[in-house]
Amino acid sequence: MEDWSRSDYCGEITKEQEGTEITLMGWVQRRRDHGGVIFTDLRDRFGLVQVVFSPEVNEDTFELADELRKEYVIAVKGKVKARPEAMINEELATGEVEVYASELKILAEAETPPFMIDDEIKTSEELRLKHRYLDLRRNPMQDNIKLRHNVKQAVREYLDDNRFLEVETPMLTKSTPEGARDFLVPSRVNKGKFYALPQSPQLFKQLLMVSGMDRYFQITRCFRDEDLRADRQPEFTQIDIEMSFMNQEDILDMIEGMIEEVFAAADIEEKLDFPQMSYEEAMKRYGTDRPDTRFDMELIDLSEIVADSDFNVFSGTVADGGQVKGINAKGCADFSRGDIDKLTDFVADYGAKGLAWIKVTEDGVESQIAKFLADEEIDAIIDKMSAEAGDLLLFVADNPKVVAASLGNLRLKLGEELDLIPEDEFDFLWVTDFPLLEWDEDEERYISLHHPFTMPKEEDIELLDEDPTAVKSQAYDLVLNGIEIGGGSIRIHDIDLQKKIFELLDMGADEVEEKFGFLLEAFKYGAPPHGGIAFGLDRLVMLLGNLNTIRDVIAFPKTQRATCLLTDAPSEVDEGQLGELALELEDLELD
RNA sequence: GGGGACGUGGUGUAGCUGGUUAACACGCCGGCCUGUCACGCCGGAGAUCGCGAGUUCGACUCUCGUCGUCCCCGCCA
């Protein structure tokens with residue numbers, strides 16, 4: 001090996017190299033032994049090339065090639081030859097050539113892998129994760145990792161061009177209230193005290209603005225100790241950005257430019273459009289703050305029509321301050337009672353106590369609730385929902401939260417099942433004007449919708465005292481195909497306003513001092529107006545790659561139970577390690 | 001914390017109204033083959049059916065529990 005140097009990559013051999021001696025190194029994808037001649041496909045990161053072993057070239061090499069098996073790592077010296085016309089493989093990028101091996105070195109033997117290194121995977125994700133290094137050999141996974149790399153490169157280049165500075169912030173930092181549960185790291189030097197892993201670099205990036213960095217970014221890991229989902233991992237990567245002396249529109253413009261570069265880097269040639277919609281409108285029309293705007297089927301408010309109805313479920317709900325809303329499932333009047341029961345079970349997950357329905361047919365309506373509704377009410381509903389014969393109208397009556405969640409998710413489910421969602425489209429939406437605060441029933445206090453450093457809209461600041469939940473904020477989320485990929489805000493840079501917000505959040509002066517004293521202290525020394533945004537890199541790459549889970553764009557992800565099947569983390573530690581940290585375990589029922 | 005789906009040779013599946021040798025494909029091993037590229041042909045090995053308990057004369061099959069993976073609610077931007 002010492003005296004061999006790779007001259008080319010397998011996937012990049014061309015006809016122009018005909019006659020040249022080359023040295024290749026890689027993995028044996030496949031061996032086809034024809035007795036008198038052996039063909040192998042040699043694979044590296046850049047593709048495959050056929051290597052031919054023939055006794056006419058070198059008898060010893062030919063015999064050694066008999067030992068080759070799948071995934072053996074080999075080095076080959078040989079001559080590039082153009083294939084005869086009839087033997088060209090159109091399927092292969094290097095299908096016009098083959099390499100006649102004169103010398104072969106087996107660099108590493110390989111056991112038969114637990115699953116084949118094929119593009120089409122036919123095994124469980126469990127096994128893939130356990131042998132992730134093998135899974136990552138597969139083309140689709142290599143493509144995902146490359147895509148992720150390309151996106152990061154595009155981001156860095158764009159931000160660098162716009163004079164941003166990449167700055168690293170601590171991973172061992174301070175636990176803060178609000179937001180997600182922290183991952184804690186015990187301090188050995190300071191026994192009994194803990195660091196927290198960052199949920200985001202939020203406070204540090206604001207401090208960097210006070211430092212006069214003007215424009216900061218970082219592509220960095222963030223940690224949240226909450227339950228996992230297809231698009232949520234305990235550690236994930238943010239593209240974190242902060243800018244000084246920029247208003248909201250300035251920031252959105254800057255980010256749109258970045259997204260355009262990212263799409264170019266992902267080879268997606270689509271003209272991108274970035275419409276904006278207020279939070280209020282999104283909730284009203286789609287029942288969610290991250291609407292998938294690739295299809296219609298919007299939520300229609302029928303509360304006024306049925307407010308005085310004899311149908312108590314509807315009128316009573318409205319009288320109690322609730323809503324009655326519906327969606328029009330076009331052409332679904334042929335749904336069976338069983339189909340609708342399934343939808344009813346589905347909305348029950350979101351708290352809906354029932355799902356009323358009306359089938360619109362050529363001969364009128366068919367419905368379990370028709371007998372309770374006046375004809376003019378039914379007509380008004382049909383009119384408002386633009387219903388035609390063949391449509392199925394579905395209704396939920398409840399408090400606004402339940403109505404939004406149940407119909408919003410029902411809309412998504414039906415959109416998917418009815419194939420209403422254009423797969424290869426990229427629909428962006430800025431959702432703006434979020435409420436600054438919402439009332440938390442359990443904790444009996446206001447909590448920040450975004451985070452406590454979010455700037456209220458200037459014209460709403462005076463409402464902070466009399467009607468805090470009416471205050472809108474200068475916060476914005478970027479939604480792509482119904483998935484939130486980024487969110488940010490203009491921050492508060494005024495010490496008094498920040499204190500006021502902490503007060504509204506029911507944080508005592510002592511707590512504020514202990515948790516955020518350093519930030520308020522910093523603001524005393526001249527803080528510029530600033531704002532920023534953070535993107536979920538994993539989600540962004542997942543969408544660009546048309547994938548269903550961020551696990552597919554993370555080299556070594558965790559399972560839904562937050563374990564790593566490859567390393568078996570997390571694991572127990574020995575008593576000595578605990579002792580050094582002055583920690584003791586409660587008696588757990590371990591067997 | 002809750003709801004749901006799945007678990008059978010190395011891999012993917014079939015079998016399951018309870019019954020004697022658990023089937024098929026791919027892979028693997030051996031043999032033959034000088035133009036294949038999902039090579040082909042012949043032969044072979046390989047599973048106590050995730051684990052535990054129960055019901056039964058008898059359990060891959062039924063029941064309960066448990067473990068693991070995935071999806072969802074809660075939680076979390």
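Below, chains carry the letters A, B, ... as their sequence lines are ordered, and counting in each starts from 1. Please read these numbers as outputs of a predicted model, since none were measured by experiment.
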Quiz prompt | Under 5.5 Å and under 30°: A:His34 stacked on B:C33 | solution = no
Quiz item: How long is the line joining CD1 of A:Ile38 and C1' of B:C33, in whole Å?
Solution: 12 Å
Quiz item: Charged N to carboxylate O under 4.0 angstrom, A:Glu71 versus A:Arg43?
Solution: yes
Quiz item: Less than 4.0 Å between a side-chain N and a carboxylate O, is that true for A:Glu423 and A:Arg294?
Solution: no
Using a cut-off of under 3.5 Å, enumerate the N/O to N/O pairs linking the protein to nucleotides 7-11 of chain B.
unit_1, atom_1, unit_2, atom_2, d
B:G10, O2', A:Pro114, O, 3.0
B:U11, O4', A:Pro114, O, 3.4
B:U11, O3', A:Thr123, OG1, 2.9
B:U11, O2', A:Lys122, O, 3.0

Quiz item: Are OP1 or OP2 of B:C39 and a side-chain N or O of A:Arg30 less than 4.0 angstrom apart?
Solution: yes
Quiz item: What is the distance from CD of A:Gln233 to P of B:C71, rounded to the nearest Å?
Solution: 10 Å
Exercise. Side-chain contact test, heavy atoms from C-beta onward, threshold under 4.5 Å: evaluate it for A:Asn399 versus A:Val402 and give yes or no.
Key: yes
Exercise. Using the C1' atoms only, state how far B:G30 lies from B:G46, rounded to an integer number of Å.
Key: 15 Å
Practice problem: Tell me what A:Gln50 touches on the nucleic acid: a base, only sugar-phosphate, or nothing, going by heavy atoms under 4.0 Å. | Solution: base
Exercise. Give a yes/no on whether any side-chain N or O of A:Thr112 is located under 4.0 angstrom from OP1 or OP2 of B:C28.
Key: no
Exercise. Tell me yes or no: between the side chains of A:Gln50 and A:Arg32, is some donor less than 3.5 Å from an acceptor?
Key: yes
Quiz prompt | Complementary nucleotide for B:U55 - Watson-Crick or wobble, under 3.5 Å | solution = none
Self-check item: Below 4.0 Å: OP1/OP2 of B:U69 and any side-chain N or O of A:Arg561
Solution: yes
Quiz item: Want to settle it: does A:Asn409 or A:Thr563 sit nearer the 5' end of RNA chain B, counting the closest nucleotide to each?
Solution: A:Thr563
Practice problem: Return the nucleotide paired to B:C6: Watson-Crick means purine N1 to pyrimidine N3 with N6-O4 or O6-N4, wobble means G-U with N1-O2 and O6-N3, both under 3.5 Å. | Solution: B:G68
Quiz item: Is the cationic atom of A:Arg551 (NZ for Lys, CZ for Arg) positioned less than 6.0 Å from the six-membered ring centroid of A:Phe556 and within 45 degrees of its normal?
Solution: no
Exercise. Tell me whether the OP1 or OP2 atom of B:C71 has a side-chain N or O from A:Arg551 closer than 4.0 Å.
Key: yes
Exercise. Give a yes or no on whether a donor-acceptor pair under 3.5 Å exists between the nucleobase atoms of B:C76, that is its base, and the side chain of A:Arg224.
Key: no
Quiz prompt | Separation between the C1' atoms of B:C76 and B:C60, rounded to whole Å | solution = 41 Å
Practice problem: Compute whether any side-chain donor of one residue and acceptor of the other, for A:Asp568 and A:Ser571, lie under 3.5 angstrom apart. | Solution: no
Exercise. Taking the side chain as every heavy atom from C-beta outward, state whether A:Lys205 and A:Asp240 have any pair of such atoms under 4.5 Å apart.
Key: yes
Practice problem: Could you work out the separation of B:G35 and B:C39 based on their C1' atoms and round it to a whole Å? | Solution: 10 Å
Exercise. Could you give the distance separating B:A77 and B:A5 at their P atoms, to the nearest angstrom?
Key: 31 Å
Exercise. Before accepting this row, confirm whether a basic side-chain N of the pair A:Arg224/A:Glu226 lies closer than 4.0 Å to the acidic partner's carboxylate O.
Key: no
Exercise. Decide, yes or no, whether a salt bridge links A:Glu18 with A:Lys79 under the criterion of side-chain N to carboxylate O below 4.0 Å.
Key: no
Quiz item: Is there side-chain contact between A:Ile533 and A:Tyr476, with heavy atoms separated by less than 4.5 Å?
Solution: yes
Self-check item: Polar pair under 3.5 Å, donor/acceptor by atom type, side chain A:Asp225, base B:C76
Solution: no
Exercise. May I ask you to say whether A:Glu235 pairs ionically with A:Arg221, meaning some side-chain N is under 4.0 Å from a carboxylate O?
Key: yes
Practice problem: Using the P atoms only, state how far B:G10 lies from B:G40, rounded to an integer number of Å. | Solution: 24 Å
Exercise. Starting at atom CZ of A:Arg132, determine the distance to atom P of B:U69, rounded to an integer number of angstrom.
Key: 14 Å
Quiz item: Reckon A:Glu56 touches a base, only the sugar-phosphate, or nothing at all at heavy-atom distances under 4.0 Å?
Solution: base
Quiz item: Over how many whole Å does the gap from A:Leu543 atom CG to B:A77 atom C1' extend?
Solution: 15 Å
Quiz item: Whole Å only: how far is the CD atom of A:Glu67 from the P atom of B:G30?
Solution: 11 Å
Quiz prompt | Nearest-nucleotide 5' precedence on RNA chain B, A:Gln560 against A:Phe434 | solution = A:Gln560
Practice problem: Name the nucleic acid region contacted by A:Leu565, choosing base, sugar-phosphate or nothing; use a 4.0 angstrom heavy-atom cut-off, strictly under. | Solution: sugar-phosphate
Self-check item: C1'-based separation of B:U17 from B:G12 [nearest Å]
Solution: 27 Å
Quiz item: Contact class for A:Ala534 vs. all strands (heavy atom < 4.0 Å): base, sugar-phosphate, or nothing?
Solution: nothing
Practice problem: Using whole Å, report how far CG of A:Asp227 lies from P of B:U69. | Solution: 13 Å
Quiz item: Contact class for A:Leu449 vs. all strands (heavy atom < 4.0 Å): base, sugar-phosphate, or nothing?
Solution: base
Practice problem: Counting heavy atoms from C-beta on, name the nucleotide in B:A77, B:U34, B:C37 closest to the side chain of A:Asp477. | Solution: B:A77
Exercise. Can you check whether any acceptor in the base of B:G12 is under 3.5 Å from a donor in the side chain of A:Glu120, or vice versa?
Key: no
Practice problem: Go through the N and O atoms of the side chain of A:Arg69 and the base of B:C29, and report whether any donor-acceptor pair is under 3.5 Å. | Solution: no
Exercise. Quick one: look up who B:U61 pairs with, Watson-Crick or G-U, both distances under 3.5 Å, and put none if it's unpaired.
Key: none
Quiz item: Reckon A:Gly486 touches a base, only the sugar-phosphate, or nothing at all at heavy-atom distances under 4.0 Å?
Solution: nothing
Quiz item: Using the P atom in both, what is the distance from B:U61 to B:A22, to the nearest Å?
Solution: 15 Å
Practice problem: Looking only at side-chain atoms of A:Val37, point me to the closest of B:C72, B:U34, B:C33. | Solution: B:U34
Practice problem: Would you mind classifying the nucleic acid contact of A:Tyr100 as base, sugar-phosphate or nothing, using non-hydrogen atoms under 4.0 angstrom? | Solution: base
Self-check item: Base paired to B:A23 (Watson-Crick or G-U; both N/O distances under 3.5 angstrom)
Solution: B:U13
Quiz prompt | C1' gap between B:G7 and B:C16, integer Å | solution = 15 Å
Practice problem: Kindly say if A:Arg32 contacts the phosphate of B:U36, meaning a side-chain N or O under 4.0 Å from OP1 or OP2. | Solution: no
Quiz item: Touch check for A:Asp118, heavy atoms < 4.0 angstrom, all strands: base, sugar-phosphate only, or nothing?
Solution: nothing
Practice problem: In whole angstrom, give the distance that lies between atom CG of A:Asp345 and atom P of B:C72. | Solution: 18 Å
Exercise. Mind calculating the distance between CZ (A:Phe39) and C1' (B:G40) to the nearest angstrom?
Key: 13 Å
Quiz item: Any N or O donor-acceptor pair linking the side chain of A:Asp349 to the base of B:G3 at under 3.5 Å?
Solution: no
